[in-house]
Colleague: 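One structure coming up, written as structure tokens, with questions to follow.
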Amino acid sequence: MEEQRYTRQHPLVISHFCKSSHSFGEIFFLGSASEAIHALSSFVRYPHIYWFGVVPLHSPVIKPYPITRGLVSEIQEHPIHFVSGAITPEFYFYLRNHFPYPRISEQSFVLCVGGEVQRPRTFQYEELLRMPFKELTVPLECAGNNRGLFRPRVFGEQWGSGAISQGLWRGVPLRDLLRLTGLQASAKEIVFEGHDSGRRPDLEGEFVFARSLPLEKAMHPDTLIAYALNGEPIPYKNGYPLRLIVPQWYAMASVKWLRSITVIRTHFSGPFQDIDYMYYPEKDSDTGKTPVTTIQVNSIIQQPLNRSVLDKGMHQIYGLAWTGTGCISNVEISTDAGENWRPAVVQPMSQNAYSWTFWNYTWIADQKGEYTIMSRATDSFGSVQPAAAKWNRKGYGYNACSVVHVKVE
């Protein structure tokens, strides 16, 4: 029979068998019992070929996938409209790299602390694992999140709304390390260098990715030298083995593949500090530039999707809100392009001080037509999402009200 020959088939069948070490689960086979035994043994011995008549009875798994924005260096966007949870799984965590991935070596497991300190010291990875630790749920948001929405358009990675993910980070408070080394009275800033390096299009030479923090932020008890994400060692692409985590600041501050910490007495002026990650309000001038630091209050409508066609009746509008100052106090929804606003239901305040907040709103769409739905978040410091984001040349910090257009039929 034509069905009873070896042939290449759908990869869903492979995953079904490869993940069943003791049982092949529910299968359907067109052939005799002896042929079935032969086919199953072939699956184990030769996973690159399969029996044509073996198919899973269950429905295929349907799931979202990251959105690729670049491969060299890798840039992947979190499919945020389809993933809801307090913790973002590793597979969906957004990726933003400036350079190719660094190679892992013995030096990757050593962290040097020096500069304006009383006792320069080298910490071994295993030593850090034995120290008192903290676990914090922290969202990391790229400063360029939603860059593609700026008008006039700006250059750079044209992120949608998925350059944000949230994880459970475990690590040693940075201030504990700095107390062990001691700080000189002259200390002003602390510089963090990663193992990743490469060339920039605007400058000659090769650069490492390096950023600095002011002393006050570095000494905050929740600024961590992290070694675990979601209960496991930090994935390689997310900064393994060590990553700086700076809650409430945009994620460029959370340096990956951390190799050194240097305390300095002056202002650090590396290109990722004083050229990139600056707000430039003028298109052709650097006048009035200011550094990108704290995450601005923001929200996103996860569902419905933009340009959706909906039936008349009841619909759930839901999404996320977050901020770098305090916590989210309320979220408002408009279904008439901002003419009128009504309160959404906001989840109770989380014990995790930095976590994003879930919200939802029940909308009765009883009239056909086109609607503009908007969400607007307010935080406990009184910061409110604006109707329009503050334009800047590099497209950082977009936080205008989330907007989707739908049609009711």
Side-chain angles (χ1 to χ4, degrees), residues 63-70 73-98 101 135-149 157-171 194 196 209 222-224 226-240 242-258 277 292 294-303 318-324 327-328 347 350 352-359 377 396-399 402:
K63 65 179 182 179
Y65 288 85
I67 303 163
T68 301
R69 298 289 179 185
S73 301
E74 187 175 16
I75 301 172
Q76 303 281 0
E77 187 169 329
H78 172 202
I80 195 167
H81 293 280
F82 303 99
V83 179
S84 293
I87 300 298
T88 306
E90 171 194 341
F91 178 72
Y92 295 122
F93 228 89
Y94 91 93
L95 300 173
R96 200 289 183 239
N97 298 323
H98 291 272
Y101 289 107
E135 281 194 325
L136 299 172
T137 300
V138 177
L140 295 183
E141 181 182 15
C142 179
N145 195 23
N146 276 318
R147 180 181 282 125
L149 297 180
E157 306 301 336
Q158 296 301 297
W159 289 108
S161 52
I164 181 172
S165 302
Q166 181 164 277
L168 177 64
W169 299 93
R170 179 191 297 175
D196 50 328
F209 187 83
D222 291 341
T223 298
L224 301 181
Y227 50 77
L229 171 62
N230 299 346
E232 300 290 340
I234 296 175
Y236 170 60
K237 290 188 174 183
N238 299 104
Y240 177 82
L242 296 172
R243 179 173 187 169
L244 179 68
I245 295 296
V246 185
Q248 297 187 313
W249 279 34
Y250 285 107
M252 76 283 157
S254 296
V255 177
K256 300 190 289 288
W257 307 293
L258 191 61
Y277 302 111
V292 175
T294 305
I295 294 173
Q296 301 196 68
V297 63
N298 216 333
S299 70
I300 178 178
I301 298 172
Q302 292 178 287
Q303 295 290 335
Y318 64 86
L320 304 170
W322 62 95
T323 183
C327 58
I328 296 297
Q347 73 172 18
S350 171
N352 301 306
Y354 308 116
S355 178
W356 57 34
T357 298
F358 296 97
W359 57 264
Y396 295 131
Y398 187 96
N399 75 323
S402 184

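The first residue in the sequence is number 1, and the count goes up from there. Keep in mind that this is a model prediction, so the values were computed, not measured.
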Colleague: Just how far is it from atom CG of Asn352 to atom OG1 of Thr137, taken to the nearest 0.5 Å?
Modeller: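 Answer for the CG-OG1 pair, Asn352 versus Thr137, is 3.5 Å.
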Colleague: Check whether any side-chain heavy atom of Asn146 lies under 4.5 Å from a side-chain heavy atom of Trp159, and answer yes or no.
Modeller: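 Answer no - side chains too far apart.
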Colleague: Does Asn230 reach the main-chain N or O of Leu168 with its side chain, forming a donor-acceptor pair under 3.5 Å?
Modeller: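 Indeed, once roles are kept as given, a pair shorter than 3.5 Å links the two residues.
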Colleague: What's the separation between atom CD in Glu77 and atom CD1 in Ile164, rounded to the nearest 0.5 Å?
Modeller: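 If we round to the nearest 0.5 Å, Glu77:CD and Ile164:CD1 are 11.5 Å apart.
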Colleague: Evaluate Met252 against Cys142 for side chain to side chain contact (heavy atoms under 4.5 Å, CB included), listing each step before the verdict.
Modeller: CA-CA 7 Å; Met252 76 283 157; Cys142 179; over 6 Å; no
Colleague: Would you say Trp257's side chain and Tyr236's backbone share a donor-acceptor pair under 3.5 angstrom?
Modeller: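 Between the backbone of Tyr236 and the side chain of Trp257 there is a qualifying donor-acceptor contact (under 3.5 Å).
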Colleague: Locate the shortest heavy-atom distance separating Ser73 from Asn97; write the atom from each residue and the value.
Modeller: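 Of all heavy-atom pairs spanning Ser73 and Asn97, the closest is CB-O, 3.5 Å.
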Colleague: Should the ring pair His98 and Phe209 be called parallel, tilted or perpendicular, given that the plane angle runs from 0 to 90° and is split at 30 and 60?
Modeller: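 Plane angle under 30°, so parallel.
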Colleague: For residues Lys256 and Gly239, report the shortest heavy-atom separation together with the two atoms involved.
Modeller: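 The answer is CB-CA, 3.7 Å.
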Colleague: Are any of the side-chain heavy atoms of His78 and Phe93 separated by less than 4.5 Å?
Modeller: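 Sidechains of Phe93 and His78: no contact.
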Colleague: Looking at Tyr240 and Pro233, what are the two nearest heavy atoms and their distance?
Modeller: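 Tyr240 and Pro233 have their closest heavy atoms at CE1-CB, 4.1 Å.
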Colleague: How close do Ala377 and Ile328 get, heavy atom to heavy atom, and via which atoms?
Modeller: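 So the minimum-distance heavy-atom pair works out to CB-CD1, 4.2 Å.
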Colleague: So, for Ser402 and Ile301, which heavy atoms are closest and what is the spacing to 0.1 Å?
Modeller: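 Residues Ser402 and Ile301, closest heavy atoms: OG-N, 3.1 Å.
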Colleague: Decide yes or no for Ser161 and His81: does some side-chain heavy atom of the first lie under 4.5 Å from some side-chain heavy atom of the second?
Modeller: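 Yes, their side chains come closer than 4.5 Å.
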Colleague: Between Arg243 and Leu140, is any pair of side-chain heavy atoms under 4.5 Å apart?
Modeller: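 Answer yes - side chains close enough.
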Colleague: About how many Å separate OG of Ser299 and CG of Asn399, when rounded to the nearest 0.5 Å?
Modeller: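 Those atoms lie 9.0 Å apart.
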Colleague: Is there a side-chain contact between Val246 and Val255 (heavy atoms, below 4.5 Å)?
Modeller: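 They are not in side-chain contact.
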Colleague: Donor-acceptor pair, distance only, cut-off 3.5 Å: does the side chain of Asp196 make one with the backbone of Tyr101?
Modeller: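 Pair absent, no side-chain N/O of Asp196 close to backbone of Tyr101.
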Colleague: How close do Asn145 and Trp322 get, heavy atom to heavy atom, and via which atoms?
Modeller: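 Looking at all heavy atoms of both residues, the closest pair is ND2-CZ2, 4.4 Å.
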Colleague: Can you confirm whether Glu157 is buried at CD, in the sense that more than 12 heavy atoms of other residues, nucleotides or ligands lie under 6.0 Å from that atom?
Modeller: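 More than 12 within 6.0 Å, yes.
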Colleague: Roughly how far, to the nearest 0.5 Å, is the CD atom of Gln166 from the CD atom of Glu141?
Modeller: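 Rounded to the nearest 0.5 Å, the CD-CD separation comes to 11.5 Å.
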Colleague: Does Glu90 form a side chain to side chain contact (heavy atoms under 4.5 Å, CB included) with Leu229? I'd like the steps, not just the answer.
Modeller: CA-CA 8 Å; Glu90 171 194 341; Leu229 171 62; 5.6 Å; no
Colleague: Between Tyr354 and Asp222, is any side-chain donor less than 3.5 angstrom from a side-chain acceptor?
Modeller: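 Yes, Asp222 and Tyr354 have a side-chain donor paired with an acceptor closer than 3.5 Å.
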Colleague: Does the side chain of Tyr94 reach to within under 4.5 Å of the side chain of Pro66, using non-hydrogen atoms?
Modeller: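 They are not in side-chain contact.
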Colleague: Given Phe358 and Tyr318, is the ring-ring contact (aromatic ring centres under 6.0 Å, His included) satisfied, shown in steps?
Modeller: CA-CA 8 Å; Phe358 296 97; Tyr318 64 86; 9.1 Å; no
Colleague: Would you say the side chains of Gln296 and Thr323 form a donor-acceptor pair under 3.5 Å?
Modeller: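 No.
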Colleague: Do Thr68 and Gln76 have a side chain donor and acceptor closer than 3.5 Å?
Modeller: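 Judged by distance alone, the side chains do pair up.
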Colleague: So, Trp169 and Glu135: side-chain donor and acceptor under 3.5 Å apart, yes or no?
Modeller: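 No, no side-chain donor-acceptor contact under 3.5 Å.
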Colleague: For the atom pair CZ (Arg147) and CD (Gln158), what is the distance rounded to the nearest 0.5 Å?
Modeller: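 So the CZ of Arg147 and the CD of Gln158 are separated by 7.0 Å.
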Colleague: With heavy-atom distances below 4.5 Å as the criterion, would you say the side chains of Ile300 and Asn298 are in contact?
Modeller: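 Of all side-chain heavy-atom pairs linking Asn298 with Ile300, none is under 4.5 Å.
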Colleague: Nearest 0.5 Å please: distance from the CZ atom of Arg96 over to the CZ atom of Arg69.
Modeller: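 It comes to 12.5 Å.
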Colleague: Given side chains that start at C-beta, do those of Ile80 and Leu320 come closer than 4.5 Å, heavy atoms only?
Modeller: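 Yes, their side chains come closer than 4.5 Å.
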Colleague: Using a 6.0 Å distance limit plus a 45 degree cone around the ring axis, check whether Lys63 lies over the aromatic ring of Phe82.
Modeller: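 Because its charged atom misses either the 6.0 Å distance or the 45° angle limit, Lys63 does not stack over Phe82.
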